[in-house]
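In each ligand, atom 1 is the first atom listed, and ligand 1 is the first ligand listed. Every heavy atom of this structure was used, including side-chain atoms; hydrogens, water molecules and symmetry mates were not. Keep in mind that what you see is a predicted model, and the values were worked out from it rather than measured.
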Amino acid sequence: MRSLVFILGDQLSRDISSLDGFDARHDVVLMVEVADETTYVKHHKQKIALILSAMRHFAEELTRSGIAVEYVRLNDPNNTGSFSGELARATSRFKPHQIIVTEPGEWRVRRMMDDWSVDFDVPVEIRDDDRFMCSRAEFRRWAGDRKNYRMEFFYREMRRQSGLLMDDATPCGDRWNYDSENRKRLPSSERLPKRSTVEPDAITTDVLKLVAECFGDHFGDLETFGWAVTREDALCALDQFVADYLPKFGSYQDAMARDEPFVFHAVLSPYLNIGLLKPKEVCLAAERAFRAGHIPLNAAEGFIRQVLGWREFVRGVYWLEMPGYAETNALSATRPLPWFYWSGDTDMSCLSITIADTRRNAYAHHIQRLMVTGNFALLTGIRPSEIEEWYLIVYADAFDWVELPNTHGMVMFADGGMLASKPYAASGAYIDRMSDYCRGCRYNPKIKLGEGACPFNLLYWRFIAMNRAVLQHNPRMRIVYKNLDQMSGQRLQQLFREADEFLNQLDQPTPQREQQDL
Ligand code: DLZ
Ligand code: SF4
């Protein structure tokens, strides 16, 4: 045998670079389900089920096409439980001349790979992951000696380079960005088309059983599992998105609604991030729909900006700045994560709804993530590593390369502004404007102080005041500090007192938290 090609659980693409030049007469693919990956954080049950089922389907597809696959199941009695252990077993069994692998999406695993060639005494070729539209080298060139990175400039460069939504050298509609047209609240009369889910087949049913047995104490519901686990079904989800949701995705991109957890969002990120869909093809699908006159420009541009702009951008920042990136804590945030992030047990209805959606679907859309759970973590000063781990656990699409910059930089401003030009801090008024969550909440977003005041209002000004040293010279924060300085000392004192009372009860240890059912 010549090559052992090791394919990881988020590399489920037929054109993954590790398969380039694969010789079916001699080479073997290795895929492994291992305890280390399922438990290095306690992933949402649906996330584990999605990855394991998609891995099993992918292995079947490879086998059908004549590729020899060595597939190790989680409950195989000889399973060593780790990537390195399984690679060691496969190497001694197949005695390959070389091991080929595509670079992983996580620094932790990349470091592991450094040891493999010495440990197994076999050359290890680590290939670039060319499923992204911007390679790590191209991003490094773009970044040059910039001290901080702004998505908007990178995005324009990517538009020019890819030709997406371009009329020769000019952006379609003569504007790069239609963000200002993407902030409508969802009217209560708006009826959304029903989302279709994929009925579990025999493979998925087996995996669901396995996950229920082995990971019963992990966060999240399993009964609602309806993810696509094959490329074919992921392509159907893409078609449905373009036809039914994309036309209004632009206008309602930032809207939140208690009975519509997905609003008009694509919900394709898990498929993109494990390799069932390709970023270029989803962008092209949106562009085609626009050119054919089926969707408005603000929808096509808003969607393409997320995939071609933001997704590629955070991946570039991750690889450029790791491992030091994760260590920064610009706002010195040290509060432990409140227990209600797991239980959903809070009387702030925006948070309880978002957490319930997350538990049920292993998904929340970007404004729920940024402006509800994220905003609360920012305002209360949760320790970045704790909230990062939460995001990595609870979302089906969360892999370190994408989750970390989004949480550390965008949500928590822990990088001091390397990635975002100002913290995304907001009071209750923002949540009230963009959602129907406040209706029925025990608090009132219009009350700033005293009985019934929305905690976001108290916490917002406390956050602004407490972080003056770091933020006051930021040009985008100037008006905020001007407003703060106009508040009377007495008002500020009351605000701090009430905010601290709220925070003190947040810090109370919850009795019997271990017994609570996640
Ligand atoms: C996230 C995950 C899980 C839950 N399980 C596995 C697994 O059993 N086998 C595997 O190959 N990959 C898994 N993954 C995805 C890996 O954690 C992912 O490939 C690494 O984080 C590197 O990006
Ligand atoms: Fe959230 Fe405040 Fe609105 Fe309640 S009133 S839902 S806490 S923003």
Asks: In the protein, which heavy atom is nearest to atom 2 (C) of ligand 1, and how far is it?
Replies: Ile51 CD1, 3.7 Å

Asks: Could you list which atoms of ligand 1 come closer than 4.0 Å to a heavy atom of Gly105?
Replies: 22 (C), 23 (O)

Asks: Considering only non-hydrogen protein atoms, determine which one is nearest to atom 15 (C) of ligand 1 and report residue, atom name and distance to 0.1 Å.
Replies: Phe399 CE2, 4.2 Å

Asks: Considering only the protein, which heavy-atom contact is closest to atom 16 (C) of ligand 1, and what is its distance?
Replies: Glu37 OE1, 3.4 Å

Asks: So which of Val109, Leu30, Val41, Ile7 gets nearest to atom 22 (C) of ligand 1, if we judge by its closest heavy atom?
Replies: Val109

Asks: So does Arg14 pair up with Glu61, basic N to acidic O under 4.0 Å?
Replies: yes

Asks: At under 4.0 Å between heavy atoms, is it the side chain or the backbone of Gln11 that contacts ligand 1, or both, or neither?
Replies: neither

Asks: Which protein non-hydrogen atom lies closest to atom 2 (Fe) of ligand 2, naming both residue and atom, and how far is it?
Replies: Cys454 SG, 2.3 Å

Asks: Looking at the rings of Tyr325 and His408, which for Trp means the six-membered one, are their centres under 6.0 Å apart?
Replies: yes

Asks: Please confirm whether Leu52 comes under 4.0 Å of ligand 1, counting heavy atoms of the residue only.
Replies: yes

Asks: How far is atom 7 (C) of ligand 1 from the closest protein heavy atom, and which atom is that?
Replies: Val32 O, 3.7 Å

Asks: Checking contacts here: is it the side chain or the backbone of Trp401 that comes within 4.0 Å of ligand 1, counting heavy atoms only? Could be both or neither.
Replies: neither

Asks: Could you work out, for atom 3 (Fe) of ligand 2, the closest of Cys438, Cys441, Pro445, Ala429 by heavy-atom distance?
Replies: Cys438

Asks: So which bit of Leu8 gets within less than 4.0 Å of ligand 1, heavy atoms only: side chain, backbone, both or neither?
Replies: both

Asks: Geometry only, no angles: is Lys47 polar-contacting ligand 1 at N/O separations under 3.5 Å?
Replies: no

Asks: Among all protein heavy atoms in this structure, tell me which lies nearest to atom 8 (O) of ligand 1, with the distance rounded to 0.1 Å.
Replies: Val34 N, 3.0 Å

Asks: Between Met31 and ligand 1, which part of the residue brings a heavy atom under 4.0 Å of the ligand: side chain, backbone, both or neither?
Replies: neither

Asks: I want to check something: taking the side chain as every heavy atom from C-beta on, are Phe22 and Ile67 in contact at a cut-off of under 4.5 Å?
Replies: yes

Asks: I'd like to know if the side chain of Lys45 reaches the main chain of His218, judged simply by a donor and an acceptor atom lying under 3.5 Å from each other, with no hydrogens or angles considered.
Replies: yes

Asks: Give the residue, atom name and distance (to 0.1 Å) of the protein heavy atom nearest atom 21 (O) of ligand 1.
Replies: Glu106 OE1, 2.7 Å

Asks: Can you pull out the closest protein heavy atom to atom 10 (C) of ligand 1? Residue, atom name and distance to 0.1 Å, please.
Replies: Gly9 N, 3.4 Å

Asks: Suppose we measure from atom 19 (O) of ligand 1 to each protein heavy atom; which comes out shortest, and what is that distance?
Replies: Asp10 OD1, 2.8 Å

Asks: Carefully, step by step, assess Trp310 and Arg315 under the rule side chain to side chain contact (heavy atoms under 4.5 Å, CB included).
Replies: CA-CA 9 Å; Trp310 191 253; Arg315 190 241 182 185; over 6 Å; no

Asks: Run down the list Ala426, Cys350, Ser349 and name the one with the heavy atom closest to atom 1 (Fe) of ligand 2.
Replies: Cys350

Asks: Test the Lys47-Phe219 pair against the cation-pi criterion, namely NZ or CZ under 6.0 angstrom from the six-membered ring centroid and within 45° of the ring axis.
Replies: no

Asks: Could you tell me whether the side chain of Thr373 reaches within less than 4.5 Å of the side chain of Tyr391, counting heavy atoms only?
Replies: yes

